Amino acid sequence: MFAIDIQHFSKQYQGKEVIHDLNLQVNEGEIYGFIGPNGAGKSTTIKALLDFIKPTTGDLAIFSLDSQKQAKTIRQFTSYVSSEVRFYPNFTTMDLMKITADFHQIEHSKQAIDELIQLFEIAPNKKVVELSLGNRKKIALATSLLSNPRLLILDEPTNGLDPAIQHRLFTELKRRNAQGMTIFLSSHNLTEIQEYADRAAFIREGEIITVQSISKESSLGKVVKIVSNTLQTQDFPANYKILEHQDQQWRLLYTGENKELLQFLNQDSILDFTVQTPTLEDQFLSLYEGGAVK
Ligand SMILES: Nc1ncnc2c1ncn2[C@@H]1O[C@H](COP(=O)(O)OP(=O)(O)OP(=O)(O)O)[C@@H](O)[C@H]1O
């Protein structure tokens, strides 16, 4: 069974289509990254999945339950942390934790609440209005984990968090995932997706352009850094894409044969080079900055 199953989803705002026939499946137990530039359609997809907005066409399901018709049931085992956290300003951390525990009818919640408050270093009795953005985010994360949801949907979860808390969050997410939690993670932080996700979908202008298994990143090709003061683009081998070029330095994503790459590098005009495994960030640049591999 898919944790998330989106079939032929499209969305129009004021007659303008921003999501076009989008299909996406997330397996139960995956940590799944959702990557795309600003305005690509990540939040719109998540909001439709959670029935905050209606799709124009298509079927969206969570654990085979229809996102619209069975939204109430879905909320019992799905938690969501939005990119902009909003709470009633006069509630304290403890109020919010208790409300969450009551909503999900969590028995013996005190220990779970104490553990999360300790994990995220949150002041239990401060009102939301007194807290910084990062501290509000920590409360949102803590309440989302309190119910130990079957599916956790996070939109930019580390935005505003300091590096130590980011690390703690992901250690906790990994631990929960090992116990069966499915995690859907929309983020601009490609390093964290690369480190923690099993797969990632890249979305551009309302369409999924590729789904990448993170463990198979070497299949993306190679990143070749070259130093040369005489090299012209017509000298490059086939199957390359320029990621960056400044003065004498070039960074290429190369997807051709090793033999041809070695021949290309073995010429006098190349003063120095390194060959590396591409990161998700390299792939992001290649997908969103200037089109396909030549
Ligand atoms: N309420 C709305 N009314 C009209 N257009 C909207 C509305 N919400 C989103 N859009 C448009 O839909 C497209 C997708 O937006 P969305 O917020 O889903 O992108 P995103 O990938 O989440 O971006 P970001 O990374 O900046 O959060 C954008 O072109 C945006 O301008």
Side-chain angles (χ1 to χ4, degrees), residues 3-26 30-62 67-68 71 74-75 78-87 132-134 136-138 140-141 144 151-161 166 169-170 173 182-197 199-212 214 279-291:
I4 293 176
D5 189 5
I6 301 178
Q7 301 279 351
H8 304 295
F9 165 47
S10 73
K11 176 68 188 173
Q12 292 183 1
Y13 287 114
Q14 294 96 40
K16 184 173 175 276
E17 192 169 276
V18 298
I19 305 282
H20 322 284
D21 194 31
L22 185 145
N23 296 289
L24 186 135
Q25 282 84 34
V26 177
E30 277 190 300
I31 299 183
Y32 196 100
F34 198 28
I35 299 172
N38 294 125
K42 302 180 296 296
S43 299
T44 301
T45 304
I46 290 173
K47 284 177 191 161
L49 202 50
L50 294 166
D51 197 37
F52 297 147
I53 58 170
K54 302 284 171 215
T56 305
T57 63
D59 296 306
L60 298 93
I62 290 180
S67 281
Q68 289 182 73
I74 287 173
R75 287 206 183 116
T78 302
S79 288
Y80 165 60
V81 178
S82 68
S83 50
E84 304 110 29
V85 180
R86 288 195 197 97
F87 290 121
S132 67
L133 169 75
R136 286 180 206 185
K137 192 87 177 195
K138 290 197 277 186
L141 290 162
S144 78
L151 172 65
L152 178 60
I153 298 179
L154 302 171
D155 198 350
E156 289 293 330
T158 50
N159 199 6
L161 298 186
Q166 287 183 24
L169 168 67
F170 275 100
L173 292 180
T182 305
I183 299 169
F184 187 74
L185 173 64
S186 169
S187 175
H188 292 125
N189 187 334
L190 301 185
T191 313
E192 73 193 16
I193 290 195
Q194 175 139 28
E195 195 166 343
Y196 298 104
R199 286 196 297 159
F202 288 76
I203 181 172
R204 179 173 64 194
E205 293 172 8
E207 289 178 50
I208 302 290
I209 48 174
T210 181
V211 174
Q212 191 70 55
I214 306 290
T279 61
L280 269 187
E281 194 165 329
D282 295 320
Q283 201 194 9
F284 186 93
L285 289 174
S286 121
L287 288 169
Y288 299 109
E289 299 284 329

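Order of listing sets the numbers, starting from 1, for every ligand and every atom in it. No experiment lies behind these values; they were computed from the predicted model shown.
Under the 4.0 angstrom criterion for non-hydrogen atoms, Gly41 is in contact with ligand 1. Using a 4.0 Å heavy-atom cutoff, Gln14 is listed among the residues neighbouring ligand 1.
For atom 17 (O) of ligand 1, the candidate residues are Gly36, Gly206, Ser186, Ser43; the nearest heavy-atom contact is made by Ser43. Evaluated by nearest non-hydrogen atom to atom 20 (P) of ligand 1, the leading choice among Glu156, Lys42, Arg204, Glu205 is Lys42. The residue among Thr44, Asp155, Thr45 with a heavy atom at the shortest distance from atom 15 (O) of ligand 1 is Thr44.
Side-chain contact of Gln68 with Asp51: a donor-acceptor pair under 3.5 Å is absent, judged by distance alone. Side chains of Thr279 and Gln194: no donor on one and acceptor on the other come within 3.5 Å. No side-chain donor-acceptor contact under 3.5 Å links Ser10 and Thr56.
Put simply, atom 5 (N) of ligand 1 has protein non-hydrogen atoms near it, under 4.0 Å away. For atom 30 (C) of ligand 1, no protein heavy-atom neighbour is present inside the 4.0 Å cut-off.
Under the 3.5 Å distance criterion, the side-chain polar atoms of Lys42 are left unmatched by any main-chain donor or acceptor of Phe34.
Close contacts between ligand 1 and Val18 involve ligand atoms 12 (O), 13 (C) [criterion: under 4.0 Å to a heavy atom].
Between Gly39 and ligand 1, at least one pair of N/O atoms sits closer than 3.5 Å.
Contacts of His188 with ligand 1, taken as heavy-atom pairs under 4.0 Å, involve the side chain alone. Only backbone heavy atoms of Pro37 (N, CA, C or O) come within less than 4.0 Å of ligand 1; its side chain stays farther off.
Aromatic ring pairs are classed by plane angle as parallel below 30°, tilted from 30° to 60° and perpendicular above 60°; the pair Tyr80 and Phe52 is tilted.
Open room surrounds NZ on Lys16; 12 or fewer heavy atoms of other groups in view lie less than 6.0 Å from it.
Looking at residues two or more places apart in sequence or on another chain, you find a side chain to side chain contact (heavy atoms under 4.5 Å, CB included) between Ala200 and Ile35, Ile193, Ile214.
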